Number of protein chains: 2
Amino acid sequence: MTSKEGYILETQAGHLLRRAHQRHSAIFQENIGESQLTPLQFAALVKLRDLEEVSQNHLGRLTAMDAATMQGVIKRLASRGLIERRPDPNDRRRLILSLSAEGKACIDAIIQNGSGITAQTLAPLSSSEQKIFLDLLTKLAQMNGNGD
Amino acid sequence: MTSKEGYILETQAGHLLRRAHQRHSAIFQENIGESQLTPLQFAALVKLRDLEEVSQNHLGRLTAMDAATMQGVIKRLASRGLIERRPDPNDRRRLILSLSAEGKACIDAIIQNGSGITAQTLAPLSSSEQKIFLDLLTKLAQMNGNGD
DNA sequence: CCTAGATTATTCGTACACAAACGAATATTT
DNA sequence: AAATATTCGTTTGTGTACGAATAATCTAGG
């Protein structure tokens, strides 16, 4: 009777991670407002706001996106006029990315919501549980042997 | 100096969930063997193995995939001969899904790896931490007010 | 019975996600 | 300097992810 129930999908870490990520994405979308930024677009703008100028691949590493994904995200942000691309005079392979005026205004106006989104995502947990969860999750998010 | 560092991307739940899910996917792929099943395809086969027969949308709800996503996953599994589709005589809208002989053999042979993949995903945590983490993650994976 | 509403599967469009291969450019080695 | 290797950004192909729209079908209420 238990022969084929030895493996319960609902208790597997991968399945739960996927569902938790789904739920977070839904919360993100409900709270990001009319800018209609996606989680990845938001992450790219946040990092760009911190660093002022970075190359495309470097920004990809900082936000955990591979080169192909980054290319699409940047293309969409650039087509909306939120970021600017210019060639690196010291390395003609590179594109230097920076926020446009609109991009800076957009992320400045929207970044407060970021903490609210995280709070709402973690709302099912108590305050102490949230700390523990983030601590453990951070360990699980670490890739082996890289990190810029 | 801290004016623009108030929001740290690396400590946000959404970013960490995304990275942890990325890491799990990589582990999954390294351990799934030559079947080359994806996490979603694996999940669909596992559920189908438990239930013998389900409609497509119902299986989607059980595995947390929307109808459009499910359609693609099922189409690929069917084209590989791992599952079979037949119309429901009691409801002509529905497709009844079931494992084919090859599908059953495939998932039977591969499901043992499932626990290993979870173990490897959680390996950075101690045994007691793993229990706590899965408990908290389960709470965060719960969508509000549904679940079939 | 019969219409209004819901459900099933499909399709379209957009956006990740990543392997693989590519040309151009830089870096390293001999 | 020449040959080799690496890095940068791009493109292609496959697979999620999901909103929105659709045709076919079922269900419920009048």
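FYI, side chains are in, hydrogens and waters are out, and symmetry mates aren't considered; it's all heavy atoms of this structure. Computed from a predicted structure; not experimentally measured. In what follows, chains are A, B, ... by sequence order, proteins preceding strands, each numbered from 1.
For the atom pair A/Phe42 CZ and B/Leu9 CG, the distance stands at 8.0 Å (nearest 0.5 Å). Atom CZ of A/Arg18 sits about 4.5 Å away from atom CD of A/Gln22, to the nearest 0.5 Å. Atom-to-atom distance recorded for B/Ile117:CD1 and B/Ile27:CD1 is 9.0 Å, nearest 0.5 angstrom.
Put simply, CG on A/Asn57 is 14 Å from P on D/dT11, counting in whole angstrom units. Taking atom CD1 of residue B/Ile32 and atom P of nucleotide C/dC18, one finds them 17 Å apart after rounding to whole Å. Atom CZ in B/Arg61 sits about 12 Å away from atom C1' in C/dA6, given to the nearest Å. Rounded to whole Å, atom P of C/dA17 lies 10 Å from atom CE of A/Met70. Going from atom CG of A/Leu77 over to atom C1' of D/dG9 covers 16 Å, rounded to whole Å. Computed from coordinates, the A/Leu95 CG to D/dT11 P distance equals 11 Å when rounded to whole Å. Atom pair A/Leu59:CG and D/dG9:C1' shows a separation of 13 Å (rounding to whole Å applied). Rounding to whole angstrom units, CG of residue A/Leu40 and C1' of C/dC16 are separated by 6 Å.
For the OP1/OP2 pair of C/dC16 and a distance below 4.0 Å, the side-chain nitrogens and oxygens of A/Gln41 include at least one atom meeting the criterion.
The side chain of A/Arg94 approaches D/dG9 more closely than any other nucleotide in the set D/dG9, C/dT10, C/dT8.
Between A/Arg85 and B/His21, the residue anchored nearer the 5' end of DNA chain D, judged by the nucleotide with its closest heavy atom, is A/Arg85.
Within 4.0 Å (heavy atoms only), A/Gln71 reaches at least one base atom of the nucleic acid.
By the 4.0 Å N-to-carboxylate-O rule, A/Glu102 lies too far from A/Arg80 to be salt-bridged with it. For A/Arg49 and A/Asp108, the salt-bridge test passes: some basic side-chain N is under 4.0 Å from an acidic carboxylate O.
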**Message:** Generate the contact string for nucleotides 18-28 of chain D. Rules: B means base contact, S means sugar-phosphate contact only, - means no protein heavy atom under 4.0 Å.
**Reply:** BB----BBS--
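Of the N and O atoms on the side chains of A/Thr69 and A/Asp66, at least one donor lies less than 3.5 Å from an acceptor on the other residue.
Surrounding CD of A/Glu10 are more than 12 heavy atoms belonging to other residues, nucleotides or ligands, all under 6.0 Å away.
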